[in-house]
Number of protein chains: 2
Amino acid sequence: MCLYLCPSLEDGTMKTQKINTEILYPHVSVDCVLLSIVDDKLCVLLAELTRENDVKGFKLPGSLIYETEDLDQAASRILKESTGLTRIPLKQFKSFGDPARTTNKDDVHWLENASKLKVGRIVTVAYLALCKVRKRQNTNEKYNTAHWMPVDELPRLLFDHEHIIKAAVQEIRRWVDREPKIVFDYLPAKFTATELRRTYELIYNKKFDVRNFHKKMNSFGYIVATDEMEEGVPHRSARFYSFDKVKYKKIYAKLSNN
Amino acid sequence: MCLYLCPSLEDGTMKTQKINTEILYPHVSVDCVLLSIVDDKLCVLLAELTRENDVKGFKLPGSLIYETEDLDQAASRILKESTGLTRIPLKQFKSFGDPARTTNKDDVHWLENASKLKVGRIVTVAYLALCKVRKRQNTNEKYNTAHWMPVDELPRLLFDHEHIIKAAVQEIRRWVDREPKIVFDYLPAKFTATELRRTYELIYNKKFDVRNFHKKMNSFGYIVATDEMEEGVPHRSARFYSFDKVKYKKIYAKLSNN
DNA sequence: ACAAAAGTGTTAAGCGTACACCCATGT
DNA sequence: ACATGGGTGTACGCTTAACACTTTTGT
């Protein structure tokens, strides 16, 4: 029943935090699984947590939400804080609310120490994005400890964050199936067939036949060949292709009409 | 950043509610979009809200979560409270946390009146299920006002509940695509080809060719013909089929290996 | 006999998969 | 010349979609 509702938090009885003159809503957090390809591996951005110069583990970039903030806004904020990126499509994919998710004694102890707050129950809403990696992205000092780490060689992670990452990797495949556009938001404006294929291979964690992949690319209808060719490579140079937004939208207009 | 954490709620500073000797966590709710087929229409279970014998609108069955309760548990509880059903697969499909979602003045006024509580921000986690409709299901007095209403003829709904239902109807199609099993959890143990086809048609909101549908049924491999036939119908009697769980699991074992 | 719904088969088109060789470029 | 990766076509099997008539049963 929904008849028992949230008492106002504005009466000051909650230990709310003032940050940037905004009030946190200290019951719900957003965690972002930011994926990218680094050194030919599918990687996730992780923040390193240390205590007394001792690395204790890693966590996903995340934050409690603000009182006046939508979940999607919180996710965008975290994306920007942790990578400097904006306008990257973010997808909410699952919420995690097991009361036991924040009860690992080591994790609680470590986090309470770092945060100077008592750690209670938190329901977290997980988001996913495929990020262009930029140099000099870690301008925020909180994230000078952020690292892109391969999703299949994960370090010790806070609470259920490993579980969240595994779910995200499953989810991104379904997302790309439905909205291939996100791959082109990730890729540079001009890309070679091999770059595109390799991106798909790393996302799906399987090889695609080169000839069949070219055929598929052509069948899409929204990937257009340019006149430009790779230069300075010690082998036959590859053609650059680009993504035609208008054609894409026409093709996918039907699909979303349901 | 996740460093600002939830203060313990056990210090009594929150206006928590004691119900069934458990403490509510008054910041997160679970709402269930319970779908079923009634009178050959895809319907959703809605609770009617009245004030002074005046029908003000409808809402999804939902509830704040308990302190010690997982989100999935809360959804199962709501399912049971509102329909009496247990063991029906429930799928978490999306969370809704727009701060403005609970700010419609009419809705707030009406709900505050009904609940005798100040309505603040609530993040809700939405679940979906396909329910067998049972007679005499509304044993819980809270739900003597529950009705199955067609999803394409929705009445005035509380807050963003219409939006949640629309999202659920999209989602159930994807769910059936991935896990056809839920259709057989919905259907009786013995069902005719037409019943199955009609179920698909109502879920997908489109017609399926009869012959092609039979062919597809057979290709599944887990739908087995029985010797039983319909009786007492004023036309050729239909064969009953049944769902073979073991065969199904063998077939879908591969798919989930990813 | 008729009304009403059940059940059945073929064809064509599109899509996925498997597979091997020549091409262009820099060293 | 050679090493390196780029680029191309065909054939087969599977899946999907379109389409019309006969069968069974109760009245």
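Quantities reported herein were computed from a predicted structural model and do not represent experimental measurements. Reminder, nothing fancy here: chain letters follow the sequence lines and each chain counts from 1.
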**Q** Tell me the interatomic distance from B:Asp40, atom CG, to C:dA5, atom C1', rounded to whole angstroms.
**A** 14 Å
**Q** Counting the atoms with a prime plus P, OP1 and OP2 as sugar-phosphate, which does A:Thr194 contact under 4.0 Å by heavy atoms, base, sugar-phosphate, or nothing?
**A** sugar-phosphate
**Q** Compare the minimum distances between each of C:dA4, C:dG16, D:dG6 and the side chain of B:His235, then state the nucleotide with the smallest one.
**A** C:dA4
**Q** Would you call A:Arg236-A:Glu230 a salt bridge at under 4.0 Å N-O?
**A** no
**Q** D:dT16 C1' sits how many Å from B:Lys207 NZ, rounded?
**A** 20 Å
**Q** Output the rounded distance in Å from CG (B:Leu196) to C1' (C:dG7).
**A** 15 Å
**Q** For the pair made of CZ in A:Phe220 and C1' in C:dC15, what is the distance, rounded to whole Å?
**A** 12 Å
**Q** B:Met217 has an atom CE; how far is it from atom P of D:dT16, in whole Å?
**A** 16 Å
**Q** How long is the gap from NZ on B:Lys216 to CZ on B:Phe208, to the nearest 0.5 Å?
**A** 6.5 Å
**Q** Measure OH/B:Tyr204 against P/D:dT16 and give the value in whole Å, please.
**A** 12 Å
**Q** Within the sub-3.5 Å range, which N or O atoms of nucleotides 8-10 of chain D have a protein N or O partner, and how far apart are they?
**A**
unit_1, atom_1, unit_2, atom_2, d
D:dT10, O4, A:Lys215, NZ, 3.2

**Q** Side chains of B:Ser242 and B:Thr226: any donor to acceptor distance under 3.5 Å?
**A** no
**Q** Pick one: which of B:Val44, B:Leu46, B:Val133, B:Leu79 meets side chain to side chain contact (heavy atoms under 4.5 Å, CB included) with B:Leu34?
**A** B:Leu79
**Q** Just checking B:Asp39: does its CG atom have more than 12 heavy atoms from other residues, nucleotides or ligands closer to it than 6.0 angstrom?
**A** no
**Q** Can you check the B:Arg239 CZ to C:dT8 C1' distance for me, whole Å?
**A** 13 Å
**Q** For B:Ser63 and B:Arg77, does a side-chain donor sit closer than 3.5 Å to a side-chain acceptor?
**A** yes
**Q** Run A:Asp185 and A:Lys181 through salt bridge (charged side-chain N to carboxylate O under 4.0 Å, His left out) and show every step you take.
**A** CA-CA 6 Å; A:Asp185 286 320; A:Lys181 179 181 176 299; 2.8 Å; yes
**Q** Taking atom P of C:dG7 as reference, at what distance in whole Å does atom CD of B:Glu195 sit?
**A** 11 Å
**Q** Hey, which sits more toward the 5' end of DNA chain C by its nearest nucleotide, B:Met229 or A:Lys216?
**A** B:Met229
**Q** Using heavy atoms to find the nearest nucleotide of DNA chain C for B:Pro234 and A:Ser219 separately, return the residue whose nucleotide is more 5′.
**A** B:Pro234
